[in-house]
Amino acid sequence: MTRWLPFPLVFVLLLAMWLLLNQTLAPGHIVFGSVLALCLCWILALLREDRVVVRHPGVIIRLAVLVVADIVRSNLAVARIIFSPGLRKSPSGFVEIPLELRNPYGLAVLACIITATPGTLWVDFDSARGLLTIHVLDLVDRQAWIDTIKGRYERRLQEIFE
């Protein structure tokens, strides 16, 4: 079944969306929508990555607590910069961080963490060199950012995914 229809729920949702967008239950639309949904499911199956293997699920909870704390702290820092521009200590800048993490799921989670944290932005990742470039709104200490990303996030993501 999964060979011919790899994602049955996606198939049903795509067909339903096609019928809703066309506002009809005409047999021609049902047939065409089914063929379209089936082809899209096959394409999605070709794009599917290997299944993720999560090790040490307790680390996920500790990482989530750290991320929430960092996001709250960063929100306060960015608000202070925005509402008191005269108190800004340093300019923004780019930081290059050498990463050992190579798992695509771990890198995706790290990208979400960095981008979700106000004042930071994932800019580039050079997979050949393992070099991550981030932009920091208030760049006081480059080494502190490298230590934070590697010590707080990368180490835990390696425990989870590798």
Side-chain angles (χ1 to χ4, degrees), residues 1-79 82 92 94-137 145 148-150 152-162:
M1 175 76 177
T2 59
R3 181 176 177 192
W4 292 102
L5 188 59
F7 301 103
L9 182 61
V10 173
F11 173 82
V12 170
L13 292 173
L14 286 171
L15 177 59
M17 184 171 35
W18 175 262
L19 295 174
L20 284 171
L21 286 172
N22 287 292
Q23 298 180 357
T24 182
L25 291 175
H29 278 282
I30 293 173
V31 170
F32 183 74
S34 297
V35 170
L36 180 64
L38 185 61
C39 290
L40 290 173
C41 286
W42 288 341
I43 291 170
L44 186 60
L46 292 174
L47 297 174
R48 182 174 27 184
E49 287 279 333
D50 295 332
R51 293 195 183 269
V52 64
V53 177
V54 175
R55 293 175 176 79
H56 309 289
V59 178
I60 295 172
I61 296 168
R62 290 193 301 271
L63 178 63
V65 169
L66 281 173
V67 169
V68 169
D70 288 347
I71 288 174
V72 169
R73 188 177 324 117
S74 230
N75 269 307
L76 296 172
V78 169
I82 291 171
S92 59
F94 295 93
V95 179
E96 291 185 338
I97 303 166
L99 293 181
E100 299 168 21
L101 182 66
R102 293 293 187 272
N103 183 289
Y105 296 108
L107 290 169
V109 171
L110 182 61
C112 291
I113 291 169
I114 290 172
T115 304
T117 305
T120 60
L121 179 67
W122 177 290
V123 176
D124 184 40
F125 179 68
D126 183 353
S127 60
R129 297 186 309 162
L131 198 61
L132 167 65
T133 305
I134 65 171
H135 182 267
V136 180
L137 179 64
W145 279 101
T148 299
I149 299 297
K150 291 190 71 60
R152 289 175 75 91
Y153 304 133
E154 182 187 30
R155 183 176 53 85
R156 286 175 175 84
L157 289 170
Q158 284 176 320
E159 286 181 47
I160 294 168
F161 291 108
E162 292 182 356

Practice item. Calculate, to the nearest 0.5 Å, the distance between atoms CG and CG belonging to Leu99 and Leu132 respectively. Key: 5.0 Å
Practice item. Find the distance between CZ (Phe125) and CG (Leu110) and round it off to the nearest 0.5 Å. Key: 9.0 Å
Revision key, fill the gap. Nearest heavy-atom approach of Gly33 to Leu15 is C-CD1, 3.5 Å
Check your understanding: Is it the case that more than 12 heavy atoms not belonging to Leu21 sit under 6.0 Å from its CG atom?
Key -> yes
Practice item. Keeping the roles fixed (side chain from Glu96, backbone from Leu131), state whether a donor-acceptor pair exists under 3.5 Å. Key: no
Review point. Is the closest side-chain heavy-atom distance between Ile134 and Ile97 below 4.5 Å?
Key: yes
Review point. Can you find a heavy atom in the side chain of Ile30 that is under 4.5 Å from one in the side chain of Ser34?
Key: yes
Exercise for review: Classify the ring geometry between His135 and Phe94 as parallel (under 30°), tilted (30 to 60°) or perpendicular (over 60°).
Suggested key: perpendicular
Practice item. Flag the pair Phe11 / Pro6 as yes when at least one side-chain heavy-atom distance between them is below 4.5 Å, and no otherwise. Key: no
Point to revise | His56 and Arg156, any side-chain heavy atoms less than 4.5 Å apart | key: no
Point to revise | Check: Asn103 side chain, Tyr105 main-chain N or O, donor-acceptor pair, under 3.5 Å | key: yes
Review point. Should Trp18 and Leu14 count as side-chain neighbours, where that means a heavy-atom distance under 4.5 Å?
Key: no
Exercise for review: Calculate, to the nearest 0.5 Å, the distance between atoms OG1 and CD belonging to Thr148 and Glu154 respectively.
Suggested key: 12.5 Å
Practice item. Rounded to the nearest 0.5 Å, what's the gap from CD1 on Ile114 to CG on Leu107? Could you check? Key: 9.5 Å
Review point. Do the non-hydrogen side-chain atoms of Val95 and Ile149 ever get within less than 4.5 Å of each other?
Key: no
